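Quick notes on the structure that follows.
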There are 2 protein chains.
Amino acid sequence: MECFTGLEISPKKVEYLKFLFKKDETVRTTDISSELNVDPSTTTKTLADLAAQGYVDHVPYRGVRLTEKGKEYARFLVHRHNILSLLLTHYGLSAKESCHEVSRFEAYVSRNAIEKICASMGHPTVSVCGKISHGSCSIGEHS
Amino acid sequence: MECFTGLEISPKKVEYLKFLFKKDETVRTTDISSELNVDPSTTTKTLADLAAQGYVDHVPYRGVRLTEKGKEYARFLVHRHNILSLLLTHYGLSAKESCHEVSRFEAYVSRNAIEKICASMGHPTVSVCGKISHGSCSIGEHS
DNA sequence: ATATAATATTGGTATTTATCCAAACTTTTT
DNA sequence: AAAAAGTTTGGATAAATACCAATATTATAT
């Protein structure tokens with residue numbers, strides 16, 4: 001557990017995992033493709049990478065789902081997105097702007113930074129892109 | 001003037017321009033290479049790209065310097081770095097951490113966001129990585 | 001002023017991330 | 001079972017980054 005920096009996967013793969021987390025069930029290649037606006041063959045290939053890294057289980061022609069590791073990681077990814085989006089709204093960006101802005105750079109923000117920002121904000125529970133859970137923070141960890 | 005989004009150049013090129021801006025004179029390939037820890041041949045090639053995009057003038061075997069466009073752009077790049085670094089220190093990151101963290105994602109933060117953040121902070125004049133000038137903001141523009 | 005050293009560029013190659021298309025394959029539907 | 005829908009494979013491409021070896025240029029030293 002908790003042995004990740006937040007920088008292990010590429011920007012696009014972050015989107016895949018966040019989507020998978022949101023769906024919380026077995027998802028089909030086409031679902032991902034239409035959500036992310038990429039060719040199904042691109043999805044298949046990306047899924048192969050994510051499976052090789054242990055984030056998803058992919059059964060060809062059947063579907064994908066997050067592994068336990070993938071779930072834990074995706075929980076962090078969503079949390080990071082929410083914290084950063086919330087942060088930007090504190091500086092005059094609209095909810096939509098913040099969310100969009102964050103999507104561009106979130107993959108490069110470390111877990112360490114997010115934990116500090118989150119703590120500094122008092123572990124907020126609501127963001128502009130949805131509720132915030134703290135399962136990936138010090139707080140909320142089943143400790 | 002001011003017709004850029006802040007997203008026109010890649011992360012590594014941002015570093016080249018910031019360095020060139022800092023030196024503020026003709027710089028040699030080797031200077032850049034040792035600063036950025038890349039092979040001189042890599043520098044030469046990157047410089048060719050930057051020249052093609054109009055940010056630098058490169059005289060082979062002689063050196064590089066920013067064009068006017070490059071200077072204006074680099075001014076923004078430095079400003080962006082400073083604003084973001086300052087921002088992170090407000091959330092419990094040390095100066096060094098902030099600077100390092102920001103270096104990873106700054107290339108993906110838009111000018112629009114920076115202007116809003118800067119305004120929201122009251123156009124601060126000191127950051128953790130140096131003084132902040134506002135030549136790339138609404139404020140400070142010779143208007 | 002010329003050999004040598006230092007610096008820079010070119011050409012070739014590689015990796016990572018991301019993407020598409022066409023063809024082949026599997027599953028579902030009719 | 002045939003057709004349609006969905007998925008995967010194979011082949012290609014592009015951008016960003018980077019290295020090495022070879023070549024070219026400039027500077028230095030004698």
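In this text the structure is predicted, and so the values were computed from the model without any measurement. First the proteins, then the strands, lettered A, B, ... as listed; each starts at 1.
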Applying side chain to side chain contact (heavy atoms under 4.5 Å, CB included) to B:Pro60 and not counting sequence neighbours gives none

Let's see if you get this right: which residues in residues 50-66 of chain A place a heavy atom under 4.0 Å from DNA chain D?
A:His58, A:Pro60, A:Tyr61

Mind checking side chain to side chain contact (heavy atoms under 4.5 Å, CB included) for A:Ser103 and listing every partner two or more places apart, or none if nothing turns up?
A:His81, A:Glu106

For A:Tyr73, ring-ring contact (aromatic ring centres under 6.0 Å, His included) partners two or more places apart
A:Phe4, A:Tyr55

Charged N-O contact under 4.0 Å between B:Lys71 and B:Glu68:
yes

Return the set of residues passing side chain to side chain contact (heavy atoms under 4.5 Å, CB included) with B:Lys45 (not counting sequence neighbours), or none when no residue passes.
none

Just to verify, what does B:Tyr91 make a ring-ring contact (aromatic ring centres under 6.0 Å, His included) with, not counting sequence neighbours?
none

Contacts of type side chain to side chain contact (heavy atoms under 4.5 Å, CB included), residue B:Thr42, not counting sequence neighbours
B:Tyr16, B:Val38, B:Asp39, B:Thr46

Near DNA chain D, counting only heavy atoms under 4.0 Å, which residues of residues 17-27 of chain B show up?
none

Go through the structure and list residues passing ring-ring contact (aromatic ring centres under 6.0 Å, His included) with B:Phe21, not counting sequence neighbours.
none

Inter- and intrachain pairs under salt bridge (Lys or Arg N to Asp or Glu O under 4.0 Å), touching residues 81-95 of chain A, at least two apart:
none

Please give me every residue in residues 38-47 of chain A whose heavy atoms get under 4.0 Å of an atom in DNA chain C, ordered by residue number.
A:Val38, A:Asp39, A:Ser41, A:Thr42, A:Lys45

Enumerate the residue pairs fulfilling salt bridge (Lys or Arg N to Asp or Glu O under 4.0 Å) with a member in residues 89-104 of chain A, sequence neighbours excluded, ordered by first and then second residue.
A:Glu97-B:Lys116, A:Glu101-A:Arg104

